[in-house]
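Following: one structure in structure tokens, then a few remarks.
Only this structure's heavy atoms are used, side chains among them; waters, hydrogens and symmetry mates stay out.
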Amino acid sequence: MHAYVEELAKHVGQEVTVKGWLYNRRSSGKIQFLQVRDGTGIVQCILTEDAADKSRFEACEHLPQESSLVVTGVCRADKRAPGGFELTAREVSIVQVAQNYPISLQSHGIGFLMEHRHLWLRSRKQVATLRIRATVIKAIRDFFDSRGFILADSPILTPAACEGTSTLFEVGYFDDKAYLSQSGQLYAEAAAMALGKVYCFGPTFRAERSKTRRHLTEFWMVEPEVAFADLDDVMRLAEEFISFIVSTTLGRCKEELKVLERDTVRLEKVTPPFPRISYDEAIKMLTESGHDIKWGGDFGAPEETAISDRYEKPVMVHRYPMACKAFYMKTDPQDERLALCVDVIAPEGVGEIIGGSQREDRLEVLEKRIAENNLSKESLEWYLDLRRFGSVPHGGFGLGLERTVAWICGTEHIRETIPFPRMLYRIYP
RNA sequence: UCCCCGGUAGCUCAAUUGGUAGAGCGCGCGGCUGUUAACCGCAAGGUUCGAGGUUCGAGUCCUCGCCGGGGAGCCA
């Protein structure tokens with residue numbers, strides 16, 4: 001009977017078949033320890049020499065790492081086995097003898113690992129990280145689906161920029177040009193006017209020449225948009241959403257987080273409400289702690305870290321100056337210089353994981369902003385229609401998937417949180 | 001786009017003031033019946049990223065180029 005490694009506890013005493021790849025092999029004369037991984041875990045298979053049939057033992061003696069094989073044997077609990085269970089191999093069938101595998105269990109440099117990303121994926125920590133990514137994605141969908149949000153995906157090929165053209169990837173579109181989407185938000189707003197509560201979730205693209213541990217040129221973003229929501233509604237949704245993702249992952253990925261050696265104490269504290277501070281308060285705090293920062297500008301990575309270090313939970317910074325924010329954000333009626341927006345900054349140096357706002361719902365103000373920002377009014381006519389035909393207060397946010405996964409996993413660089421990262425100087429494999 | 005660091009064996013790294021290019025891991029061979037990144041022994045393995053320059057002599061110094069890494073700005 002075929003069994004996955006993660007289910008072996010249910011098969012103690014039974015003969016089972018494990019199908020996988022040789023992760024590592026140790027031998028001691030007349031006994032071999034084959035560590036076989038199958039994607040769900042690693043199990044140690046014990047192989048002893050059989051006087052009647054030496055071929056089985058000899059075949060495995062020189063089996064290279066990552067050879068594919070099928071092992072049948074009795075499953076036993078044994079304290080000496082990594083993982084607590086092992087197979088006494090009765091039959092080993094070799095599917096393919098691998099060539100010399102380039103990634104050893106010893107240390108490698110990041111350049112080499114990135115060049116072999118297609119194989120690096122098989123390593124324990126990469127497997128754990130990708131399993132957590134899948135869990136986070138499932139949690140995201142479950143959260144919105146269970147709250148009556150309708151999935152309404154935005155297009156990836158778009159006719160023009162949402163926020164300027166400098167960071168867009170241009171592609172040919174028959175005899176014309178198109179751009180890869182850098183945000184699905186404007187389309188999500190249209191969908192929210194049709195369906196009330198919606199979200200879109202897909203890859204987005206930014207041609208920014210960024211070279212930091214927080215940037216990819218292709219990353220996934222989930223963007224909920226809610227009709228009749230104000231900034232407070234958006235902030236409440238954001239903190240409940242993040243808390244749900246974290247608690248779901250803590251519940252379902254204990255083994256993976258252990259493999260990653262993640263200290264989960266701080267993650268367990270992530271529950272609503274999150275601290276809320278205004279941009280003005282943040283500026284005051286930063287100035288008092290010696291940062292050289294003027295009112296009016298956006299925060300850089302050092303400022304974000306300084307703010308998040310003061311709290312155990314993610315912190316919500318709201319009401320930034322309009323000047324450093326996007327054209328579609330609504331002006332604060334209490335202070336015309338401010339935007340009704342919020343950034344959620346994750347703890348532990350990951351930086352901004354959410355950017356959201358209440359949207360400008362007045363046609364004339366939006367037209368003025370488009371002109372001020374030198375955007376093409378013509379290409380945004382469809383968007384302005386949303387303010388001409390039943391405009392309502394509404395808002396939403398975008399959450400960066402890879403930054404969120406990196407934070408939960410405690411991963412230094414977000415390139416490890418997506419199977420095949422696309423970066424400034426890296427598009428292979 | 002700017003700033004900083006690096007490129008030596010398949011991989012990770014050494015190499016003193018410029019003076020014979022070395023180790024660990026992996027691969028190969030041999031040993032070991034409970035290993036935990038097993039261990040022990042033996043062997044193989046090099047156009048020192050490329051081009052030019054300085055020098056009796058360059059892995060080492062200089063110039064240019066290529067490639068990679070880290071960060072800034074911008075952003076999720």
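Between A:Glu416 and A:Lys125, none of the side-chain N atoms (NZ, or NE/NH1/NH2) sits under 4.0 Å from a carboxylate O, so this pair counts as no salt bridge.
Between B:G34 and A:Arg80, no contact under 4.0 Å exists linking OP1 or OP2 to a side-chain N or O. For B:G69, one of the phosphate oxygens OP1 or OP2 lies less than 4.0 angstrom from a side-chain nitrogen or oxygen of A:Arg426. Contact between the side-chain N/O atoms of A:Arg214 and the OP1/OP2 oxygens of B:G73 is not found at any separation under 4.0 Å.
No contact: A:Leu399 has no heavy atom under 4.0 Å from any strand. Across all strands shown, A:Tyr101 has no heavy atoms under 4.0 Å from either base or sugar-phosphate atoms.
Side-chain atoms of A:Arg90 and A:Thr88 form no donor-acceptor pair, as typed in the model, at a separation below 3.5 Å. One side chain, A:Tyr199 or A:Asp145, offers a donor N or O that lies under 3.5 Å from an acceptor on the other.
Residue-to-nucleotide contacts include a donor-acceptor pair under 3.5 Å from the side chain of A:His215 to the base of B:C75. On a pure distance criterion of 3.5 Å, no polar donor-acceptor pair joins the side chain of A:Gln32 and the base of B:U35. Counting distance only, with no hydrogens placed and no angle test, the side-chain atoms of A:Ser210 and the base atoms of B:C75 include no donor-acceptor pair under 3.5 Å. Judged by distance alone with a 3.5 Å cut-off, a donor-acceptor contact links the side chain of A:Arg403 to the base of B:C75. Side-chain atoms of A:Glu412 and base atoms of B:G70 include no donor and acceptor less than 3.5 Å apart.
Among the nucleotides B:A76, B:G69, B:C32, the one closest to the side chain of A:Phe219 is B:A76.
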- Task: Apply side chain to side chain donor-acceptor pair (under 3.5 Å) to the pair A:Asp280 and A:Ser278, showing each step before the final yes or no.
- Result: CA-CA 5 Å; A:Asp280 284 358; A:Ser278 69; 5.3 Å; no
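Lacking a ring centre under 5.5 Å from that of the base six-membered ring together with a plane angle below 30°, A:Phe33 does not count as stacked on B:G34.
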